[in-house]
Amino acid sequence: MLDRPIRMGVIGCGDIAVSRHIPTIHAHPDAMLLAVCDADPSRAETVAAQYPMASVEKDYKDLLARNDIDAVIVATPPWVTPLITMEALRAGKHVLCEKPMAVDGDTARLVQETERETGKRVQVGFTYRHGPLLESLRSWIREGRLGAPLVFRLGIFDEVWDPEGHPEHYERLFRTMQHGSPSVHDGAHVADFLHFLAESKVASVESYGLKTRPEFPTSNYDVSVIRFENGDMAKVEIGWFLPHFPKGEFEVAGPLGLAVFDRFEQYVSLRTGTKTETVRLEEDWAASCFRIQLSKFIVSIRRDEPCVPGTEEGLQSLLLTKAMEQGVQAHLSRSDAKC
Ligand SMILES: NC(=O)c1ccc[n+]([C@@H]2O[C@H](COP(=O)([O-])OP(=O)(O)OC[C@H]3O[C@@H](n4cnc5c(N)ncnc54)[C@H](O)[C@@H]3O)[C@@H](O)[C@H]2O)c1
C-alpha cells in the first residue's frame, strides 16, 4: 500500500478547480499539489501565484509526461474531459474527472474501456453524494422507514440569468448548452442521487423542455418524470437562466413518511407519524463533500481498489440524463411543429 502523500496535478483551472478542488488538495494531509495547467495560461499562473508549490505546465500533455505525478483532477468542460482522462490513464495517472464524464454514452464507454486496459483508477466527480447527509437519507430508505414505493422530488436551479452582471458565467453556460441541455449537466448530479438512493433500474423516462429565449441552443428548463423497475418514481426539474428561481427541493415521500434534504440549511430530516428526526451538518456542506470525495479517491489509489463513484456510475448517470435530454428535444420539436 502506498503510504506517502499522493502527488497531484490539476488540468483545467476554471471555476470549480479554483474554488473547490485546489483548496481541497492544498488542505488535505494526504495530497500534494505539484502542477497545474489550463488552456488559458493566465489561469494556471494565477493559481501558482497563490500556491507556490505548484508549477505551471503550458500543455496538459507536459503535465501528464511528468514522472513525479501520481494522479490528476480533470476539471475541464465535459466535451474536453474524456479525451484528457483517457490520455492521463495511458500516461499512468489515476484520474478524478469532473461530471459529466462525457457528453455521450459511446465516449463514456471508451473511458471505461481505457480504465480497464490501463489498470489505473477513475473517480467521477459526483461530489454531493458524499457525506453524512446523503448517507442518512440512504439508510432511512434502505431500512424501509419511508415504506415503498417512493416518490423522489428534485429540483436544481443554480444558474440565474444575469448576462450583464456576470458575462463570463453567461458565456460559459451558453457554450455548455451547445453540448447538451441542463439535464445533461446539472442533471448528472441528480441522476447520480437517484442511482445512489433508488437503487433500481430505470423503467421509463418522460421529459419536457422549455426554451425561454430563441437564441438558446437548447431548452433551459427541463422537467422529467422517471419510473423505476421497483415501482419508485422521480420528478426532476432542472432550470437555468431565469432571473429568479425557486429554492430547489430534494424530498423523498413514501407511504410511511417524508424525508427532506435541505442543502442550504444543511440538514436532512425524516418525518414519520408525529416524530421528526434531523441530522445536521456543522461544517460547510459543499466543502465537506469535496474533502470526502478527495479522501475516497486517495484511499482507492492507495489500496488499488475501484473508485466509487467510478466510470460505471458515471455511465449510468449519463445514460439517464441523455434519455431525459432526448425526451426534451422530442418535446421541443413537437412544440415547434405546432407553432
Ligand atoms: N462537482 C461539482 O460540484 C461541479 C461544480 C461545478 C462544475 N462542475 C463541472 O466541472 C467542469 C468544469 O466546470 P467549470 O465551471 O470549472 O468550467 P470553467 O469553464 O470555469 O473551467 C474549465 C477550464 O478548463 C480549461 N480548459 C479547457 N480545455 C482545456 C484543455 N484542453 N487543457 C487545459 N485546460 C482546458 C478552460 O480554459 C477553463 O479554465 C464541468 O464539467 C462542470 O460540469 C462540477
Side-chain angles (χ1 to χ4, degrees), residues 9-25 35-48 54 56-65 72-88 91 95-104 107-108 111 122-131 134 156 158-159 166-193 196 238 240 248 263 284-294 296-297 307 309 313-314 317-318 321:
V10 173
I11 300 175
C13 296
D15 198 30
I16 200 62
V18 168
S19 63
R20 295 292 182 186
H21 288 298
I22 291 169
T24 305
I25 299 172
V36 290
C37 97
D38 195 286
D40 173 351
S42 71
R43 292 190 175 183
E45 278 152 21
T46 305
V47 170
V56 174
E57 297 294 346
K58 282 212 176 76
D59 192 295
Y60 74 86
K61 289 177 193 286
D62 299 328
L63 191 153
L64 295 180
V72 291
I73 291 184
V74 181
T76 49
W79 52 96
V80 178
T81 298
L83 176 78
I84 298 182
T85 299
M86 288 189 279
E87 284 194 45
V95 181
L96 170 49
C97 75
E98 261 308 344
K99 49 54 60 176
M101 66 188 279
V103 288
D104 67 273
T107 308
V111 174
V122 179
Q123 183 163 323
V124 179
F126 296 125
T127 315
Y128 307 114
R129 68 146 64 193
H130 301 291
L134 260 283
I156 297 192
D158 286 345
E159 313 293 354
H166 295 93
E168 209 183 301
H169 169 258
Y170 170 69
E171 276 157 32
R172 173 156 47 95
L173 270 287
F174 189 86
R175 249 192 334 269
T176 302
M177 286 165 94
Q178 290 168 330
H179 297 269
S181 79
S183 287
V184 175
H185 302 288
D186 277 352
H189 286 301
V190 171
D192 185 60
F193 289 146
F196 185 66
I238 317 247
W240 283 5
R263 66 184 166 122
D284 178 75
W285 172 64
S288 80
C289 292
F290 274 89
R291 176 174 48 73
I292 298 167
Q293 169 174 268
L294 180 61
K296 288 190 178 170
F297 182 51
C307 295
E313 287 81 1
S317 161
L318 185 61
T321 62

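Numbering of ligands and ligand atoms starts at 1, following listing order. Just so we're clear, the structure is a prediction, and the values are computed from it rather than from any experiment.
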Residues in side chain to side chain donor-acceptor pair (under 3.5 Å) contact with S181, at least two apart in sequence or another chain: D222
Go through the structure and list residues passing side chain to side chain donor-acceptor pair (under 3.5 Å) with T107, not counting sequence neighbours. D104
Hey, are the side chains of M177 and W240 touching, using non-hydrogen atoms and a 4.5 Å cut-off? yes
Distance dump, ligand 1 polar atoms to protein, N/O, under 3.5 Å:
residue  : atom   : partner : partner atom : Å
ligand 1 : 1 (N)  : E98     : OE1          : 3.1
ligand 1 : 1 (N)  : E98     : OE2          : 3.2
ligand 1 : 1 (N)  : G125    : O            : 3.3
ligand 1 : 1 (N)  : T127    : OG1          : 2.9
ligand 1 : 3 (O)  : Y128    : OH           : 2.6
ligand 1 : 15 (O) : R172    : NH1          : 2.9
ligand 1 : 16 (O) : D15     : N            : 3.2
ligand 1 : 16 (O) : I16     : N            : 2.9
ligand 1 : 20 (O) : D15     : N            : 2.9
ligand 1 : 34 (N) : A39     : N            : 3.0
ligand 1 : 37 (O) : D38     : OD1          : 2.6
ligand 1 : 39 (O) : D38     : OD1          : 3.3
ligand 1 : 39 (O) : D38     : OD2          : 2.6
ligand 1 : 39 (O) : R43     : NH1          : 2.5
ligand 1 : 41 (O) : K99     : O            : 3.0
ligand 1 : 43 (O) : K99     : O            : 3.1
ligand 1 : 43 (O) : K99     : NZ           : 2.9

Do the rings of H166 and H169 sit parallel, tilted or perpendicular, given the 30° and 60° boundaries? perpendicular
Indicate yes or no: does K58 engage D38 in a salt bridge with an N to O separation below 4.0 Å. no
Taken in chain and number order and not counting sequence neighbours, the residues that satisfy ring-ring contact (aromatic ring centres under 6.0 Å, His included) with Y128 are H189, W285
